[in-house]
Structures are given as C-alpha cells and as structure tokens.
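In what follows, a structure is listed as structure tokens, so that the remarks can point back to it.
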Amino acid sequence: MVKNIKTIVTTCLLIVCAFVELSCQLPNEPTAINVPALLRIRVRDQANTALPGARLFLLRTADGVGITPTTTDETTSTYYYQLQVPIIGEQYTIIADAPPATATTSYSPLHDTVKFVMPCRDHLETIVFTRKDSIPCGTNIDRTLDFETICVDADTTVTLTAGVFTHNCVPPANISSVTSTNINGFTTTVTLSNPQTTLTSYPAPWTAGRGLNVSVTYKSTSHLPFTLDGTDIIVNAAPNITITIHLKGKGIPCKHCDCPQYDSISFGLNSSGIDTNQVDIGFPPKQTTIDLSSITNSNDLGCDLIFTKIKSFKRPELSVLSFGGAFGATSATLSSKQSLGSMLVEFTPISRGEFVDTTLYKVQKKASDGTITDCDTLPIIYHGKVGLGICQIDTVKTNGYSRSFLKNDTISNCIDADDDYKMICIKNTGDGKLQFDLKYLLNDPQFKIRYDTAGVQYNGETIILAPGASECFSIRFVPDGNKVLATTPPTTIFNNSIVLCNITLPVVGQAYPVCIHCLDGAISQYGITATSYGGFVFVGTDQFKFNSSPTVKPDIYATAVNSTTVTLESQSATTFQRVQSNYTPSKAGIKFCDDPIPAGAKALCGNAGTSTITAAIHDLIIFRSATGQCGLIYIDNIILSNGVWVAVFQASYPI
C-alpha cells in the first residue's frame with residue numbers, strides 16, 4: 001500500500017531550490033501509466049520578484065529531448081508545460097540563464113542546472129538567482145517583496161531578502177535610519193557583509209563596495225490576519241541614498257483548509273496478499289461497493305475538497321458506475337464535514353486470471369478566497385480474480401459409464417421397473433464456479449435423472465459446483481410397457497443422449513417385456529377409511545407394490561384380519577381366486593417368488609374370479625387386474641402386532 005506524503009509548500013530563497021517529490025508509483029502496477037499534469041517553472045530573485053530577462057530550457061533527462069512550453073508569461077517569468085507524465089515518475093533537467101548583467105545589476109549564479117523528478121500531479125518548480133545592485137551615489141532605489149498568501153493559523157516562517165546593495169560614494173555613506181513595519185509577526189534585519197554585521201543602532205558606517213542586505217521575516221506566532229498594501233520599509237543613508245522596500249501579500253486563516261489524509265484505497269486483497277474478489281466466467285457481473293467514507297472534509301466552512309478522475313481503469317472487466325454516491329459521476333466536491341461515501345464498481349468476467357488495476361483521482365482543496373491547491377493524488381486499487389469452471393467426468397466416482405456407445409453404457413430394465421441405473425459424476429477441475437443444466441437430448445419420459453444415491457429427483461434446476469467439487473447423478477431407464485409392447489416384435493432398444501456441461505454422452509435403454517417382481521409386506525385393516533389405506537397399489541405404470549402411506553389409495557387392501565384369516569378386496573376391477581390351500585414352497589426358507597410358478601396357476605389367470613376373498617395362513621391366491629395382468633399372493637403368516645392382527649405376505653407378478 002502506498003503511503004501518501006503530506007505536501008509541504010516551501011518558498012526557497014537565496015538558494016536554488018529544486019523541490020523533488022517522491023514518485024507516487026504503485027508497486028503493483030503492471031505497466032507504466034500516463035497521467036496529465038501541469039508543470040509550472042518560475043524564475044525569481046531572492047525577493048520573489050519575477051526576472052523577465054532570464055532564459056529557460058526544459059529537457060527530458062533520459063534522452064535529452066527538449067520540451068516546448070505550452071504558454072509563457074513574460075511578465076511573471078513563468079513557463080507552463082502540459083505533460084503526460086508516467087506514474088512511475090520521470091526525471092527532467094532545467095537549464096536556466098540569469099538575465100544579462102547591467103552597469104548596476106548582476107546575478108549569481110549566471111547559469112544554473114536543476115534536475116528533478118516530475119510527480120504524477122501538477123507541480124511547481126522555482127529557480128532563484130541572487131540579485132546584486134550597485135547604487136550610484138545620490139540614487140534612490142525601490143524594491144518589492146511579495147509574500148503572496150500565507151496561512152496565519154499554521155506555524156509558518158517566510159523570509160524574503162530585498163537584495164544585495166553596494167555604492168560608490170566618496171566619502172563613504174552612513175546609514176542614518178531604518179523605518180520598519182509594525183505589523184505583528186514581521187521583523188526587519190539589516191546586515192552588512194565583509195565582515196558580516198547585523199545593524200542594531202544608527203548611524204552605521206557603510207563603506208563603498210560593502211554589501212548591504214535587508215531581509216524581512218514573517219513568523220506566524222500571532223496568528224492574526226494581515227494585508228500588506230502600502231507598507232514600506234525605508235533605509236536612509238547619508239549623504240543622499242534612499243532604499244524603499246514595498247511589502248505585498250496577505251495572511252488568511254487557512255489552517256482549516258487542509259488536504260485530506262488517506263492511504264491508497266485497495267479492494268479485493270486480504271492481509272495475506274491473496275485475491276479474495278472473484279467473478280467466474282459464465283456468471284452475471286458482480287457489483288461491489290468500495291467504502292470511501294474514511295476520506296472526509298474535516299475543514300471548517302468555506303473549504304471544499306474536489307475529486308476529479310484523471311485515469312480510468314484500463315481493464316475492460318471494470319467499470320465505475322458511481323462515485324461519491326452519484327451514478328455516472330467522474331468527480332465529487334465535498335463541503336465541510338462531508339464524506340466521500342463510496343464507489344460502485346461493476347466487475348464483468350471476460351478473461352481468466354488475476355489482475356490489479358488502478359483508477360486515479362486528482363484531489364484539490366479550494367479555500368474560502370477561491371484559492372485552489374493540489375493535494376496528493378488518490379489511487380484506488382482494485383484486485384480481481386476471474387475464475388473458470390472446467391467440466392470433467394470424475395472417473396473415480398463414475399460407475400459403469402464409458403463415454404462410448406457400447407454395451408456397458410446400456411441400462412436394462414423390465415417393463416415399468418426402475419432397478420438398474422448408471423452413475424455419472426461430474427467434477428469441477430477449474431478455479432471458478434461451474435454452472436450447467438442436465439438434460440436428455442431427446443424428450444423421452446422413459447429416461448430419468450436423479451441426484452446421487454439418495455435418489456432425490458432432479459427437476460431441471462441449474463447445477464452450480466464450486467472449484468474441486470463433484471456431483472453424481474443416477475441415469476435411469478424406466479421402460480413404458482405401452483411403448484415396448486406397441487410393436488411386433490416388441491421394441492426393446494431405446495437410444496438417447498444426455499447433455500451436461502459441454503459433454504454429450506450416449507444412453508441406451510434396453511427393455512425386457514416380461515420380468516418377475518418380488519414383493520414382501522404386511523397388511524391389516526387398521527386405519528382403513530374412505531381416504532386412508534394400506535395395501536397393494538397400482539399407480540400409472542409403476543405396477544403393483546406394497547404401500548404404507550395413509551394418503552395413497554391402494555387397489556388391493558384388507559378389510560378384515562383375525563388370528564387365522566385375512567379378507568382382501570379391491571378398489572378397481574381386480575378379482576381374486578384361490579390357487580391352493582396349505583401351499584408349501586419347494587425348499588424351506590426359500591423366497592416364495594423364487595419358486596417355480598405352481599402348475600395350473602397361469603391357466604387360472606383367464607378366469608373371472610371374485611371381487612373379495614378370505615384367505616388363511618399358507619393360502620396361495622391369484623389376482624387379476626383390470627388391465628389383464630395376474631400375480632400371486634402367498635399368505636405366509638398372521639401375527640399380532642401392537643394389538644392389531646397383521647397378515648404377512650409375499651407376492652410375485654406378473655405371471
């Protein structure tokens with residue numbers, strides 16, 4: 001994180017001052033960035049007076065290329081350069097020549113060279129030449145010291161020197177008096193050189209060729225506003241030399257028009273330096289509010305802070321939707337005690353990878369007198385990561401699916417059965433979220449998809465997998481008896497494809513027209529009402545099965561059960577016949593439906609039967625549905641459970 005350096009404005013006098021600022025380069029900028037910046041170069045003497053006769057040349061130090069000023073103000077000897085400055089900073093060289101010497105005026109040094117690094121904001125350089133004046137005997141001379149604008153509320157000391165004066169009077173002159181200002185904070189010092197002597201009493205001898213210096217210092221100990229207009233310091237020297245020094249400038253309360261204090265604002269990077277702000281390709285853009293409330297205008301009324309964007313994010317993924325709480329704004333002005341609020345950035349995934357991007361805002365303070373001063377630039381750094389989900393089949397977890405149109409991709413089931421299935425597992429091997437839909441290429445309701453082994457039905461919802469996560473799906477084929485038996489011979493092979501992510505996998509469903517289904521259960525008359533039943537159900541193509549739900553109405557149910565018999569009835573046109581009493585399976589412990597179908601049972605399937613039947617323990621009953629299918633019920637036992645007689649049975653169908 002780049003720390004901002006508080007701007008210190010210094011007037012450099014008596015020496016050549018090159019104000020070199022640290023570059024505000026951001027260490028995580030991938031490439032150099034250019035920002036518009038105004039460079040002003042002033043040429044002054046030690047009295048802060050413009051020197052129109054001076055000459056100035058600006059060169060780019062790296063290649064010696066000369067830079068032409070955009071405009072030049074000859075009156076104030078100020079040169080203006082509009083530059084596109086790399087944010088990493090660039091060194092420049094100023095070559096300056098003092099105005100030509102005259103019979104009475106000369107400058108030191110005559111030539112000067114200053115090198116400086118241009119910061120990434122507006123900047124002022126001041127070149128100072130020391131002026132020396134030789135006063136012909138009997139001459140009056142005027143000089144102006146311009147203090148410009150001073151903050152009286154701050155601890156400020158500014159010293160300006162009127163010049164170095166010599167004379168050629170014979171006999172030598174005497175400084176008879178010095179009239180100075182009585183404004184609070186100002187002091188006047190008169191010094192003679194060779195040897196250096198500060199004058200405190202008058203008259204004082206001033207020999208020919210000896211330098212006279214008059215300096216005026218302002219020290220803001222009183223913190224009182226002032227205006228310098230018509231205020232003069234007069235040095236009288238006998239016999240006939242007068243030096244008049246005019247003071248200009250003003251002191252205003254400006255302590256409470258300070259630049260804001262802030263670090264660069266960084267978003268998306270945690271304390272370990274890891275990008276935490278992620279958007280994934282294929283997902284909607286992400287809008288992020290960046291908190292800028294810590295940047296406030298703590299100044300008093302009359303001082304505004306102005307924020308103006310000078311560089312946008314260069315990455316196409318990023319766009320600023322609002323700044324300072326205003327949509328579409330590229331600037332904001334804060335009055336006293338206001339906060340900058342927030343910035344809304346939209347992050348649209350385009351290309352995979354991590355990146356750092358910066359937007360820059362020029363910051364200025366505007367004092368109550370209208371004076372605008374540049375502050376440190378505000379960099380807002382956005383760290384982002386664009387992830388991409390990658391879809392792969394998890395070959396470790398996938399069971400029985402080869403991705404080829406082969407036998408082991410075939411799902412085989414009997415008509416209306418849902419016993420066999422293939423397990424397909426998808427893994428996200430990318431660094432972003434994976435989003436996909438799961439569907440069959442052909443809309444055939446015989447093919448079904450369910451989530452993993454829990455058997456939760458998949459209803460077409462969009463699936464999202466985190467990086468490294470996997471999800472398994474059971475791919476099922478439940479052959480519809482009507483479709484299978486609709487042709488001669490019956491159709492047994494059904495082809496389809498499942499589409500998931502960017503992968504299309506073939507699915508073959510093989511139907512067997514005749515299968516024996518085994519059923520174990522228990523049935524009683526307990527709880528039977530007009531809408532609440534327990535027994536055999538026949539729902540759509542699911543065929544007969546035992547059901548214990550009180551909300552599902554069965555086709556076959558018990559109306560009476562005692563210690564030796566059970567009475568069966570049907571909701572539909574199902575009929576019953578007794579095949580055999582005291583039936584015994586062929587081998588002890590064998591499951592009834594694993595026995596061969598008893599002789600003569602199939603022949604009974606065509607008989608009408610009765611709509612109700614009472615069966616005893618070990619009776620074998622045949623039932624026939626309204627659709628013409630027949631099955632067998634074997635009454636294995638009748639037991640007392642929780643005070644209720646329950647018939648325990650085994651069943652097989654169809655026969």
Side-chain angles (χ1 to χ4, degrees), residues 416 516-586 588-655:
D416 303 314
I516 299 298
H517 296 271
C518 297
L519 182 68
D520 297 286
I523 192 169
S524 73
Q525 70 179 110
Y526 177 76
I528 293 179
T529 66
T531 59
S532 177
Y533 300 90
F536 297 95
V537 294
F538 180 89
V539 180
T541 58
D542 284 344
Q543 288 293 337
F544 287 100
K545 59 183 178 181
F546 182 73
N547 183 76
S548 60
S549 170
T551 62
V552 177
K553 194 172 184 178
D555 277 333
I556 300 174
Y557 58 94
T559 59
V561 183
N562 56 39
S563 60
T564 57
T565 62
V566 54
T567 300
L568 302 177
E569 291 191 12
S570 173
Q571 289 291 330
S572 64
T574 302
T575 59
F576 304 94
Q577 300 176 65
R578 196 181 316 277
V579 177
Q580 186 177 334
S581 298
N582 297 317
Y583 175 81
T584 302
S586 60
I590 194 172
K591 193 172 182 179
F592 161 73
C593 60
D594 290 337
D595 253 2
I597 297 176
K602 287 186 178 182
L604 295 176
C605 184
N607 297 342
T610 60
S611 61
T612 181
I613 193 170
T614 298
I617 298 175
H618 301 316
D619 273 2
L620 183 61
I621 305 298
I622 187 172
F623 62 87
R624 183 174 182 271
S625 72
T627 60
Q629 292 184 329
C630 290
L632 296 172
I633 302 175
Y634 171 61
I635 307 303
D636 186 56
N637 199 1
I638 295 177
I639 61 175
L640 187 64
S641 175
N642 295 323
V644 176
W645 289 106
V646 176
V648 180
F649 68 88
Q650 297 178 37
S652 65
Y653 60 90
I655 62 171

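Positions are given from 1 along the sequence.
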Non-neighbouring partners of Thr612 that pass side chain to side chain contact (heavy atoms under 4.5 Å, CB included), sequence neighbours left out: Thr567, Glu569

Thr610: side chain to side chain donor-acceptor pair (under 3.5 Å) partners, not counting sequence neighbours: none

Inter-residue atom distance Ile621.CD1 - Phe649.CZ, 0.5 Å rounding: 13.5 Å

With Gln577 via side chain to side chain donor-acceptor pair (under 3.5 Å) - residues at least two apart: Asn607

Phe623 and Ile613, any side-chain heavy atoms less than 4.5 Å apart: no

Heavy-atom pair with the smallest gap, counting every atom of Ala601 and Ile622: O-CD1, 3.3 Å

Qualifying disulfide bond (SG atoms under 2.5 Å apart) pairs, either residue in residues 602-655, two or more places apart: Cys605-Cys630

Side-chain donor-acceptor pair present, Asn582, Thr584, cut-off under 3.5 Å: no

Pairs touching residues 610-621 that satisfy salt bridge (Lys or Arg N to Asp or Glu O under 4.0 Å), sequence neighbours left out: Arg578-Asp619

Contact summary for Leu620 and Pro598, nearest pair of heavy atoms: CD2-CG, 3.5 Å

Rounded distance [0.5 Å steps], CD1 in Ile633 versus CD in Gln650: 12.0 Å

Sequence-distant partners of Tyr583, ring-ring contact (aromatic ring centres under 6.0 Å, His included), two or more places apart: Phe592, Tyr634

Within-4.5 Å side-chain heavy-atom neighbours: Ser625 and Asp555: no

Side chain to side chain donor-acceptor pair (under 3.5 Å) partners of Asn637, counting only residues at least two apart: none

CG on Leu604 to OG1 on Thr575, rounded to 0.5 Å: 10.5 Å

Counting only pairs under 3.5 Å, give me each side-chain donor-acceptor contact of residues 638-647, with atom names and distances, residues two or more places apart or in other chains.
none

Taking every non-hydrogen atom, the tightest pair across Val566 and Ala558: CG2-CB, 4.0 Å

Nearest-0.5 Å distance that lies between atom CG in Leu568 and atom OG1 in Thr559: 7.5 Å

Least distance between heavy atoms, Ala616 atom then Ile635 atom: O-CB, 3.5 Å

